[in-house]
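The structure appears right after this line, and notes come after that.
Fair warning: this is a prediction, and the values are worked out from it, not measured in the lab. Any value given below was found using the heavy atoms of this structure, including those in side chains, with hydrogens, waters and symmetry copies removed.
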Amino acid sequence: MEYYVLFYYVIDDYIARRTRYREEHLRLVQEANRRGDLLLAGALSDPVDRALLVFRVSDRSIVEDFARSDPYVINGLV
C-alpha cells in the first residue's frame, strides 16, 4: 500500500458554488473512507484556496478514478 496526496486548487467563488455538488462530493468521500482508501480530507482555510485528500491505496489509479468522478472536478470547481 502506498500513500498519495491529492491537492485540489479551488476557484475563487468555490464556497458559493460548491453547495450544488457538495452532497455528492461528500458521498464519494465517505465511500472512499469506508473502504479504507481515504484517510483524511478537508479544505484548507485562510484563505480557502485549496483542499487536501490523503489516500492509502494499492494503486494510483484509485486516486485518479476518485478525482475523475468527483463533481467538484467535473464541474470545474477545482
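- Proximity of a side-chain donor or acceptor of Asn75 to a complementary backbone N or O of Leu77 within less than 3.5 Å is not detected.
- Separating the CZ atom in Arg56 from the OH atom in Tyr3 is a distance of 4.0 Å, to the nearest 0.5 Å.
- Residue Leu53 comes nearest to Leu38 through the heavy atom pair CB-CD1, 3.9 Å, listed as atom of the first residue, atom of the second, then distance.
- Listed by first and then second residue, the side chain to side chain donor-acceptor pair (under 3.5 Å) pairs involving residues 10-20 amount to none (not counting sequence neighbours).
- Here Asp49 pairs with Pro47 under the side chain to side chain contact (heavy atoms under 4.5 Å, CB included) rule; sequence neighbours left out.
- Between Ile15 and Val48 the shortest heavy-atom distance is CD1-CG1, 3.8 Å.
- Take Tyr4 and apply the ring pair (Phe, Tyr, Trp, His ring centres under 6.0 Å) test, not counting sequence neighbours, and it matches no residue.
- When every heavy atom of Ile74 is checked against every heavy atom of Ser69, the shortest pair comes out as CD1-O, 3.6 Å.
- The shortest side-chain heavy-atom distance between Phe66 and Leu28 falls under the 4.5 Å cut-off.
- Atoms OH and CD1, from Tyr72 and Ile11 in turn, are 11.0 Å apart once rounded to the nearest 0.5 Å.
- Residues passing the side-chain hydrogen bond (donor to acceptor under 3.5 Å, both in side chains) test with Asp70 are Tyr8, His25, sequence neighbours excluded.
- Taking the side-chain hydrogen bond (donor to acceptor under 3.5 Å, both in side chains) definition, one finds that Glu24 meets it with Arg27, sequence neighbours left out.
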Show the numbers, then the answer: is there a side-chain contact (heavy atoms from CB on, under 4.5 Å) between Glu2 and Phe55?
CA-CA 8 Å; Glu2 300 288 333; Phe55 292 83; over 6 Å; no
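- Here the closest heavy-atom approach between residue Ser58 and residue Ile62 is recorded as OG-CD1, 4.0 Å.
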Which is it for Leu52 and Leu6 under the side-chain contact (heavy atoms from CB on, under 4.5 Å) test, yes or no, and what are the steps along the way?
CA-CA 6 Å; Leu52 173 79; Leu6 179 61; over 6 Å; no
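- Listed by first and then second residue, the side chain to side chain donor-acceptor pair (under 3.5 Å) pairs that reach into residues 36-46 are Arg35-Asp37, sequence neighbours excluded.
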